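Written below as structure tokens is the structure these notes are about.
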Amino acid sequence: MTTREPLASQRPAGSSARRPRLAACLVSAVTVSALAAQPAGAGNGGRAAGPGCADLARTVLADSHVKSISSGVVPASGTLPAYCQVDLVPTRAVSVRVTLPLSTADAGTGGTYTGAWNGRVLNTGGGGYGGDLGDLGVAVRRGEVGSVTDTGHSSAWCDATDPRTGRSNAQPGCGEAGGGFVLSPSGRLNTRQIDDFIDRSLHEQTVWALSLAKTYYGRAARWNYWVGGSTGGRQGWQMAQKYGDEYDGFLLGYPAVNWNRFIIGEAWPAVVVNELLGPAGLSPARSDAANAAAVAACDPEDGVTDGVVADPRRCTFDAREVEGLTAAEAEAIDLVWDGPRDADGNRLWGGITRGTTFSVLLPGGNTMSPLIETYVRNWLEQDPAYDWRKNLTMENFPRFFEASYRKFEKTAATDSTDLSKVRKNNGRILSYAGTDDPLILPFNSYNYQQRLFGRYGVQGTRSFVRTFYFPGVGHTEPDLTGTTDARTRLLDVLEAWTEHGRAPESFGQSGPAPGTGRTVCAYPDTATAPGAGASCTTRTSVPGDLAAGSTTVLDRR
């Protein structure tokens with residue numbers, strides 16, 4: 001199969017056409033003979049290009065080996081236009097959903113490419129431990145083909161009987177927070193499901209989105225994108241690392257990269273509080289008071305007092321200065337802020353940034369986040385009843401951290417800095433994170449970013465990767481200035497960079513009060529002045545203290 005590429009005049013200077021590798025990978029998709037059977041002149045924007053949506057599943061089924069597939073038009077509803085939806089199970093327990101703007105065969109109009117389609121594919125990532133099909137409304141509204149996967153498991157699959165053993169496939173309902181899909185009742189890791197979760201299902205999702213688009217419209221996509229936040233951000237980095245030449249652009253928010261390190265690293269707050277303060281834990285009111293005091297002390301450092309710490313990494317406020325805290329409480333808070341270290345004082349991972357709530361990683365002030373606990377129990381210890389309170393201590397924490405790092409180093413790390421396939425394909429990556437993220441701590445992104453700088457240099461990295469850190473923002477999209485929602489604005493910027501060469505330099509971020517805000521520059525550039533509307537000062541390196549504070553002892557191996 002060949003891929004129709006944009007005309008040279010429509011691509012940014014220095015860019016190249018998408019590599020044909022993905023077309024060669026469509027081994028499980030529609031065959032060339034099915035595509036050749038489309039009407040002459042198909043895809044010209046005015047004639048039916050392929051089968052209608054009602055016949056799409058039957059057309060695909062005749063020329064592939066999918067386990068199941070269905071297709072049908074979903075009527076317009078609210079702000080969503082009508083679209084074609086395809087649900088399929090291409091292999092094993094992997095479920096994929098693809099939504100397609102109506103083609104000319106289904107009376108689709110208004111698109112810039114054919115029918116209601118603008119020629120783009122938007123592969124969308126999921127959240128948490130996967131297990132369901134996420135919302136594709138963004139792609140539908142934008143006139144783009146959308147795709148999503150359940151990552152190869154669901155609660156129904158976890159509870160289904162494995163005919164080889166006569167027992168269920170995994171933990172009941174996929175276990176705590178959905179993370180028990182990796183563990184069989186006998187305590188063995190479901191390695192195929194781990195592989196599906198990390199990357200195989202994501203590649204299947206992309207392959208099928210492109211294949212179905214070509215079958216339905218009779219012409220190939222012009223641009224192929226990945227978009228996702230949290231787990232979806234990690235998935236996008238994984239696709240960039242492994243299949244970077246098959247995508248044109250990536251939008252990656254607050255990503256869960258460094259999978260085998262960040263999760264175990266975030267068990268640290270619960271371990272500290274359990275050891276120093278016992279079952280009663282740390283009252284949320286006490287940790288909130290400490291964070292409020294830290295913000296009050298460090299907020300003015302950027303020249304404007306707005307209740308936001310511009311860069312929490314530069315805030316060194318000590319909890320011992322907070323009135324009303326016991327010595328043990330202050331020690332615990334300082335250790336949580338600092339993050340885990342080994343016996344020699346070397347950094348293993350970062351801590352919760354000052355000013356960020358403890359409530360996500362330390363619910364109620366005395367327990368561990370279910371998202372973290374399920375990893376410790378099911379992934380690391382392979383025991384759903386494992387009691388971390390009796391086994392994890394501050395002293396032995398480095399050993400558990402090392403065990404997690406080693407156990408999934410080859411299969412689930414998502415931390416490779418080799419992005420040569422993206423660079424070769426002239427791809428673009430727009431990433432972002434909040435400096436007050438209480439779930440995936442910003443250290444996670446700073447660490448990966450610093451290692452990219454170490455490999456490609458600051459300017460070399462910025463030629464194809466632009467990262468933005470939004471002060472005061474948690475595990476969510478930033479509040480950007482203007483009337484367009486953040487996800488739409490960020491996608492528009494990515495597409496302008498990818499397709500027209502307009503690299504993003506800064507974003508305007510709305511402040512916590514009317515009339516306040518700031519300019520957020522592409523890292524490591526800095527704004528020339530506080531407040532909105534400032535320009536950016538270009539930096540060719542990261543300040544030494546911040547660079548050193550973003551690396552760990554394992555990075556130096």
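Bear in mind the structure is a predicted one, so any value in this text is a computation, not a measurement.
In this structure, the side chain of Thr114 does not engage the main chain of Tyr217 through any donor-acceptor pair within 3.5 Å. Checked by atom type and distance alone, the side chain of Thr356 never pairs as donor or acceptor with a backbone atom of Ile352 at under 3.5 Å. A donor-acceptor contact shorter than 3.5 Å links the side chain of Gln235 to the backbone of Gly126. Checking side-chain atoms of Arg354 against main-chain N and O of Phe317 turns up a donor-acceptor pair under 3.5 Å. In this structure a side-chain-to-backbone donor-acceptor pair under 3.5 Å is present from Lys421 to Lys242. Remark: side-chain polar atoms of Asp302 are not paired, donor with acceptor, to backbone N or O of Ala310 under 3.5 angstrom. Put simply, the side chain of Ser550 gets close to the backbone of Leu546: a donor and an acceptor are under 3.5 Å apart. A donor-acceptor contact shorter than 3.5 Å links the side chain of Ser463 to the backbone of Gly460. Without hydrogens or angle criteria, Glu409 side chain to Ser404 main chain gives no donor-acceptor distance under 3.5 Å. The main-chain N or O of Leu491 is never found under 3.5 Å from a side-chain atom of Tyr225 such that the two would form a donor-acceptor pair.
Side-chain atoms of Asn224 and Leu210, non-hydrogen and from C-beta on, do get closer than 4.5 Å to each other. Inter-residue side-chain proximity for Phe453 and Ser541 is flagged as unmet; no heavy-atom pair is nearer than 4.5 Å. Side-chain contact between Thr353 and Thr435 is absent, with no heavy atoms from C-beta onward closer than 4.5 Å. Looking at Arg142 and Asp492, their side chains come closer than 4.5 Å, going by heavy atoms from C-beta outward. Counting heavy atoms from C-beta on, the side chains of Leu212 and Leu88 come closer than 4.5 Å. Between Gln509 and Val473 the shortest side-chain heavy-atom distance falls below 4.5 Å. You'll find the side chain of Asp248 reaches within 4.5 Å of the side chain of Asn425, heavy atoms only. Between Glu144 and Asn118 there is a side-chain heavy-atom pair separated by less than 4.5 Å.
To the nearest 0.5 Å, atoms CG (Asp196) and OG (Ser201) are separated by 5.5 Å. The distance from the CG atom of Asp150 to the OG atom of Ser95 is 4.0 Å, given to the nearest 0.5 Å. Atom CG in Leu348 sits 10.5 Å away from atom CD1 in Ile264 (nearest 0.5 Å). The distance from the CD1 atom of Ile429 to the OG1 atom of Thr461 is 10.0 Å, given to the nearest 0.5 Å.
Between Val465 and Trp497 the shortest heavy-atom distance is N-CH2, 3.9 Å. Taking each heavy atom of Pro255 and Gly233 in turn, the nearest pair found is CB-C, 3.6 Å. Smallest separation of non-hydrogen atoms from Pro300 and Ala296: CD-O, 3.6 Å. For Pro512 against Asp306, the heavy-atom pair with the smallest separation is CG-O, 3.0 Å. Nearest approach of Pro504 to Arg466, heavy atoms of both residues: O-NH1, 2.8 Å. Across all their heavy atoms, Gly179 and Thr374 have their closest contact at CA-OG1, 3.5 Å.
Arg451 and Asn258 are linked by a side-chain donor-acceptor pair at a separation below 3.5 angstrom, with hydrogens and angles left out of the test. No side-chain donor-acceptor contact under 3.5 Å links Thr149 and Thr151. In summary, the side chains of Glu495 and His500 do not present any donor paired with an acceptor at a separation below 3.5 Å, with no hydrogens or angles considered. If you check the side chains of Gln205 and Ser147, you find a donor sitting under 3.5 Å from an acceptor. At a cut-off of 3.5 Å, with distance as the only test, no side-chain donor of Asp418 or Ser416 sits close to an acceptor on the other residue. Between the side chains of Ser510 and Thr481, no donor-acceptor pair of N or O atoms lies under 3.5 Å. A donor-acceptor contact under 3.5 angstrom links the side chains of Gln85 and Asp87, judged on distance only. In summary, the side chains of Thr206 and Tyr247 do present a donor paired with an acceptor at a separation below 3.5 Å, with no hydrogens or angles considered. Tyr243 and Gln238 share no donor-acceptor pair across their side chains, judged by distance under 3.5 Å alone.
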* May I have the step-by-step check of salt bridge (Lys or Arg N to Asp or Glu O under 4.0 Å) for Arg487 and Asp485, ending in yes or no? => CA-CA 6 Å; Arg487 177 58 65 87; Asp485 68 275; over 6 Å; no
* Any chance you could lay out the side chain to side chain contact (heavy atoms under 4.5 Å, CB included) test for Cys174 and His153, step after step, and finish with the verdict? => CA-CA 9 Å; Cys174 292; His153 65 274; 4.1 Å; yes
* Arg314 and Asp545: CA distance, side-chain angles, deciding distance, salt bridge (Lys or Arg N to Asp or Glu O under 4.0 Å) verdict -> CA-CA 9 Å; Arg314 285 269 166 79; Asp545 61 329; 2.9 Å; yes
* Checking side chain to side chain contact (heavy atoms under 4.5 Å, CB included) for the pair Val458/Thr540: CA distance, chi angles, key distance, verdict? -> CA-CA 6 Å; Val458 172; Thr540 57; 5.6 Å; no
* Could you check Arg141 against Thr79 for side-chain hydrogen bond (donor to acceptor under 3.5 Å, both in side chains), going step by step and ending with a plain yes or no? => CA-CA 7 Å; Arg141 292 185 185 93; Thr79 62; 3.0 Å; yes
* Phe464 vs Tyr456, ring pair (Phe, Tyr, Trp, His ring centres under 6.0 Å): CA-CA, chis, key distance, verdict -> CA-CA 10 Å; Phe464 70 107; Tyr456 297 110; 5.6 Å; yes
* To do: Mind running side-chain hydrogen bond (donor to acceptor under 3.5 Å, both in side chains) on Thr467 and Gln449 for me, showing each step along the way?
  => CA-CA 8 Å; Thr467 303; Gln449 183 77 55; 2.5 Å; yes
* To do: Please step through salt bridge (Lys or Arg N to Asp or Glu O under 4.0 Å) for the pair Arg462 and Asp525, ending with a clear verdict.
  => CA-CA 11 Å; Arg462 283 162 49 94; Asp525 293 355; 3.0 Å; yes
* Asked: Given the rule in the ring pair (Phe, Tyr, Trp, His ring centres under 6.0 Å) test, do Trp379 and Trp259 qualify, once you have shown the distances and angles that lead to the verdict?
  -> CA-CA 11 Å; Trp379 291 65; Trp259 180 263; 5.7 Å; yes
* Assess whether salt bridge (Lys or Arg N to Asp or Glu O under 4.0 Å) is satisfied between Arg261 and Asp555, documenting all intermediate values. => CA-CA 11 Å; Arg261 292 193 285 171; Asp555 298 327; 3.0 Å; yes
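If you run side chain to side chain contact (heavy atoms under 4.5 Å, CB included) between Trp237 and each of Arg234, Gln241, Met239, only Gln241 comes through. Of the residues listed (Tyr432, Tyr446, Tyr254), the one engaging Tyr469 in a ring pair (Phe, Tyr, Trp, His ring centres under 6.0 Å) is Tyr446, and it is the only one.
Geometric assessment of Arg489 against the ring of Phe507 yields a negative cation-pi assignment under the 6.0 Å and 45° thresholds. In this structure, Arg455 is not positioned above the aromatic face of Tyr448 in the sense of NZ or CZ being under 6.0 Å from the six-membered ring centre and within 45° of the axis.
In this structure, Trp349 has its ring center under 6.0 Å from that of Phe443. In summary, the aromatic rings of Tyr129 and Tyr375 are positioned with their centroids too far apart to meet the 6.0 Å limit.
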